[in-house]
Asks: 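Before anything else, here's the structure in question.
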Amino acid sequence: MDIVVAKGLSKVYPNGQGLHKASFSLSKGELIGIVGPSGAGKSTLLRLLCGAIFPSEGTLTILGQEMSHLNRQQLQSLRSKIAAVYQNFNVIPSMDVARNVFMGRAGKMSHLSVVRGALHLTAKEESEIIEILATLGIEDKLYERCQELSGGQQQRVAVARAIYSDAELILADEPIASVDPATAGLILDLFRSLNKQGKTILLSLHQIDSALKYCSKIIAFDHGTLAFNGCPQDFIQSDVCQKLMGNVPPQMEVKVG
Amino acid sequence: MKYEKSSILNWLMTILILGVVILSGLGTNFSPSEFLDPGNIKAMTRFTGGLWPPETSPVFLSNVFKLLLETVEISIVATVAAIFLSLPLSLFAMRPRGEEYSRQIAGSALWSFRWALYYLSRGILAILRGVPELMWALIFVVAVGLGPFPGVLALTAHGTGILGKLYAEMFESVDQRLVEMARTVGMDELKILVMARIPVTLPMFLSYTVFRWECNMRSATLLGFVGAGGIGTQLMISMKLFMYQEVATLILTIFVLVVVVELIGQYLRTRILDQRGSASRSPAA
């Protein structure tokens, strides 16, 4: 089943950058790696997919719903089925870890429940959140404010929020770009195990070796256009890969090639 | 060091500003020599001499205490009412940002409606705070009669205008990336307010609100001049009856009250801000 279908998808910013006429589809249960140099359109694609911005041309169908045909309620309901993790964490610094994770499900809850949750978490919610935090090794930070945590810990909170949201599609925009290598490994392993549980995951990565190691499918962008779409084995052979790896130290090239 | 030659324009500006100041002084009968006029000096000595000793009869003091209490009560009720009125208004008075509010995505009808709401709520807030408290008090005294209630209404009206604008601008200042994250979780604006905008701006929110309470407290001491309750009522009566000893007591108690309230406010605000500061200063282990 195709979870995302893009046809001639374009998003052009006033400065001419963005995404130009990309067509691809993503199947349920895939772990997709998006690679490409800075400014290639990776973030634009992810923002389009989580409904933060809208296509300027072409169609984008997510979970069977076409983005441009949605009213606000439908859009909000679709967004609540998609979770996102960002490079700069985007956690609320002044709120505690528990509330930041709780927020993942706020889109699906009634207004009263959201207000209640902001003031008081039920025992069930608390234990669920602790369980998720435990898999990330930060369960002891439950009631600490996010601004008191390190970058790596904040990113784990963001991942916990995505897991708690129970989304079918998880998008991660360079989730390991601002964290230490140990946390990066932990987060990528976690995405892989989530993927094994049936979640569709889209990772945008700068580290091509990580993408090759973890992903079942690679999509590469260059200058806003889709340059490659296929399995990692084919990607290594492709010109795009050679071009992307061009400025990486030689020993890395030897290892991958 | 090289000095620039002053141009004709500089001289013209200087003359213009001086001219405006002098004309304004003439227009307001500004004359320091008035102070030295023997008749005026005599009147002032009579007034200041009459202030001492301040009135301390138990009956008067208990009356003053009752009015002081009423003044504080007016300021508290008005501040709380203003918070509840200004919060929803500030939601609409926030400049709609983000692509989903663009004309292209939202559609012309919804887009126009949202911007109309924006300008309407901004307009309401501007009128509310544009009319001074005492003028609101005059209006409400006519509407609901004498007493502390019109005073509460007056301070509520003016305070709503000020807090609504402050809140709206405060909520607007929240990092747009956090707002976008909150939106992509599927939250609507009300949920975003609860889960993102208020938590992020809470220290500022409390600080503005406490400051507004201080201002309301000061204004509440004057409301009595137009019959809208509080300690000002007695001040007005005592002044009109030339009971200067009573006036002395009243001025002293008002002074003490204002200082005490400012100290409380300052304490609260530094506590609030310190909390934010220390929290961001201490990175976790």
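Keep in mind it's a predicted model, so treat the numbers as computed, not measured. By convention in this document, chain letters (A, B, ...) are assigned in the order of the sequence lines, proteins followed by strands, and residues within each chain are numbered from 1.
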Asks: Can you establish whether the number of heavy atoms outside B/F92 located under 6.0 Å from its atom CZ is more than 12?
Replies: no

Asks: So how far is it from B/I198 CD1 to A/M95 CE, rounded to the nearest 0.5 Å?
Replies: 11.0 Å

Asks: If I compare all heavy atoms of B/V185 with all of A/G104, which pair ends up nearest, and what's the gap?
Replies: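 For B/V185 and A/G104, the tightest heavy-atom pair comes out as CG1-O, 3.7 Å.
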
Asks: Using non-hydrogen atoms and a 4.5 Å limit, figure out which bit of A/S113 sits close to chain B: side chain, backbone, both or neither.
Replies: neither

Asks: Please look at A/N88 and chain B and tell me whether the side chain, the backbone, both or neither of the residue comes under 4.5 angstrom of a heavy atom of that chain.
Replies: side chain

Asks: For the CD atom on A/E57, are there more than 12 heavy atoms of other groups (residues, nucleotides or ligands in this structure) within a distance under 6.0 Å?
Replies: no

Asks: Does the side chain of B/M195 reach to within under 4.5 Å of the side chain of A/V114, using non-hydrogen atoms?
Replies: yes

Asks: Kindly indicate whether the side chain of A/R47, heavy atoms from C-beta on, has any atom under 4.5 Å from the side chain of B/E99.
Replies: no

Asks: Do the non-hydrogen side-chain atoms of A/Y86 and B/M181 ever get within less than 4.5 Å of each other?
Replies: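 When only atoms from C-beta onward are counted, B/M181 and A/Y86 do touch, with a gap below 4.5 Å.
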
Asks: How close do A/V91 and B/L178 get, counting heavy atoms only, and between which atoms?
Replies: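 Nearest pair, atom of A/V91 first, then B/L178: O-CD2, 3.5 Å.
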
Asks: Within a reach of under 6.0 Å around CZ of B/F65, are more than 12 heavy atoms found that belong to other residues, nucleotides or ligands?
Replies: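 Open.
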
Asks: Do B/T184 and A/I82 have side chains that get closer than 4.5 Å, going by heavy atoms?
Replies: no

Asks: With a 4.5 angstrom heavy-atom cut-off, could you sort out which part of A/A52 is near chain B: side chain, backbone, both or neither?
Replies: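 Contact with chain B involves both backbone and side-chain atoms of A/A52.
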
Asks: Is A/Y143 atom OH crowded by more than 12 heavy atoms from other residues, nucleotides or ligands, each under 6.0 Å away?
Replies: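 Check passes, neighbour count above 12.
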
Asks: Side chain from CB out, backbone as N, CA, C, O: work out which of these in A/M103 comes under 4.5 Å of a heavy atom of chain B, or both, or neither.
Replies: both

Asks: Kindly compute the distance separating SG (A/C50) from CZ (B/R183), expressed to the nearest 0.5 Å.
Replies: 12.0 Å

Asks: Taking atom CD of A/Q76 and atom CD of B/E100, what is their separation to the nearest 0.5 Å?
Replies: 7.0 Å

Asks: Would you say B/Y101 has more than 12 foreign heavy atoms packed within less than 6.0 Å of its OH?
Replies: yes

Asks: Mark yes when over 12 heavy atoms from residues, nucleotides or ligands other than A/K7 sit less than 6.0 Å from its NZ; otherwise mark no.
Replies: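 At most 12 heavy atoms, drawn from other residues, nucleotides or ligands, come within 6.0 Å of this atom.
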
Asks: Which heavy-atom pair separates A/S94 from B/P199 by the least distance, and what is that distance?
Replies: OG-O, 2.6 Å

Asks: So for B/L110, is it side chain, backbone, both, or neither that comes closer than 4.5 Å to the heavy atoms of chain A?
Replies: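 It is the side chain, since no backbone atom gets that close.
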
Asks: Above 12 or not: heavy atoms from other molecules or residues under 6.0 Å from CD of B/Q266?
Replies: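 No, CD of B/Q266 has 12 or fewer neighbouring heavy atoms, counting only those of other groups under 6.0 Å.
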
Asks: Hey, which of A/A118, A/S165, A/A106 has the most heavy atom pairs under 4.5 Å with chain B?
Replies: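 Among A/A118, A/S165, A/A106, the one with the most close pairs to chain B is A/A106.
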
Asks: Quick one: which of A/H111, A/R72, A/Q73 gives a side chain to side chain donor-acceptor pair (under 3.5 Å) with B/D188?
Replies: A/H111

Asks: Look at atom CZ of B/F211 and say whether more than 12 heavy atoms of other residues, nucleotides or ligands are closer to it than 6.0 Å.
Replies: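 Not buried by this count: 12 neighbours or fewer within 6.0 Å.
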
